[in-house]
Amino acid sequence: MRLTRCHVDLPLATARTFTLPEAAANHLTRVLRLREGDECVLFNGDGQDHVARLLSVGKREVQVEVVSSLAVDRESPLHLTLIQGIARGEKMDLILQKATELGIARIQPVNAERTEVKLDAERLDKRVAHWRSVVVSACEQSGRARVPEVSMPTALMPAAQACNAADLRLLLDPVGDLSLAGLSPPAGAGIVVAIGPEGGWSPRDREILLASGFLGLRLGPRILRTETAGLAAIAALQSRYGDLA
């Protein structure tokens, strides 16, 4: 029987006994209705699944014991970073969720000239916390034991310039010079894919990306929406160079 997986932001080790965080406790006992003696799988991003048994279920706290730990290797050999122009609401959630399922390693949200979402400092912190929870939930579902990094949003220029010089940097472009067949990812390096917001990259955004070493990748003749473009690129790259065989 497949055990329920649940993320906890705590150190985990075999034979350790501790109180579950409130959110995890509520999910396991009130939503899934686990009881004393039942088992679940906990993970914290350390690359392992930790089987835990519920020792006691009270109104205020749930005690568990880690009974075994197992290394999990579900990470892609291809280190993929997605620079994503911030999209609205559910579109951004969809991008984060599916990119995680497809094996993305890092997501860097960016504010571009045509970004329609404007967030003040307070709303930004809440939105990033929400995005990270979406990624954690996608890891729970997909069996990943390492959680992709969701960086704080930044302007496009510093995000583009911060890329590792050895990485292959790609800008999706229906008239780009490169095709998947023509790519040559450097051995041991990563791939960075830049996807614009709903309004697309402005001419100035494109200048920034090209000046930062990004190359135009042609992924078919059609113009894709922001919530489609990145996922299509990740799936295509994983199929050709990663672990989607």
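As a basis for the values below, the full set of heavy atoms in this structure was taken, side chains included, without hydrogen atoms, waters or symmetry mates.
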Peer 1: Might you confirm whether atom CG of D9 has over 12 heavy atoms from other residues, nucleotides or ligands at distances under 6.0 Å?
Peer 2: no
Peer 1: Just grab all the ring-ring contact (aromatic ring centres under 6.0 Å, His included) pairs involving residues 33-74, residues at least two apart or on different chains.
Peer 2: H7-F43
Peer 1: If you count the non-hydrogen atoms of other residues, nucleotides and ligands that lie under 6.0 Å from CD1 in I223, is the total more than 12?
Peer 2: no
Peer 1: Before accepting this row, confirm whether a basic side-chain N of the pair R204/E207 lies closer than 4.0 Å to the acidic partner's carboxylate O.
Peer 2: no
Peer 1: Flag yes if more than 12 heavy atoms outside E22 fall under 6.0 Å of its CD atom; otherwise flag no.
Peer 2: no
Peer 1: Decide yes or no for T115 and V110: does some side-chain heavy atom of the first lie under 4.5 Å from some side-chain heavy atom of the second?
Peer 2: no
Peer 1: Please tell me if the side chains of E198 and K91 come closer than 4.5 Å, counting only heavy atoms from C-beta onward.
Peer 2: yes
Peer 1: Considering only residues two or more places apart or on different chains, which pairs with a residue in residues 195-245 satisfy ring-ring contact (aromatic ring centres under 6.0 Å, His included)?
Peer 2: none
Peer 1: Do R218 and D173 meet the salt-bridge criterion of a basic N to acidic O distance under 4.0 Å?
Peer 2: no
Peer 1: Of all residues at least two apart in sequence or in a different chain, which pass the salt bridge (Lys or Arg N to Asp or Glu O under 4.0 Å) check with R127?
Peer 2: none
Peer 1: Would you say the side chains of S69 and T14 form a donor-acceptor pair under 3.5 Å?
Peer 2: yes
Peer 1: Does D177, at its CG atom, have more than 12 non-hydrogen atoms belonging to other residues, nucleotides or ligands within less than 6.0 Å?
Peer 2: no
Peer 1: Just checking, any donor-acceptor pair under 3.5 angstrom between side chains of S151 and R106?
Peer 2: yes
Peer 1: Can a donor-acceptor pair be found, under 3.5 Å and without considering hydrogens, that links the side chain of Q141 to the backbone of Q97?
Peer 2: no
Peer 1: Is it true that Q238 and S76 share a donor-acceptor pair across their side chains at a distance under 3.5 Å?
Peer 2: yes
Peer 1: Between the main-chain N or O of G190 and the side-chain N or O of D167, is there a donor-acceptor pair closer than 3.5 Å?
Peer 2: yes
Peer 1: With no hydrogens and no angle check, do the side chains of T226 and Q84 hold a donor and an acceptor under 3.5 Å apart?
Peer 2: yes
Peer 1: Among L124, I86, N111, which one satisfies side chain to side chain contact (heavy atoms under 4.5 Å, CB included) with V117?
Peer 2: I86
Peer 1: Could you tell me whether the side chain of R206 and the main chain of L171 form a donor-acceptor pair under 3.5 Å?
Peer 2: no
Peer 1: If we ignore angles and hydrogens, is there a donor and acceptor under 3.5 Å between the side chains of S202 and E113?
Peer 2: yes
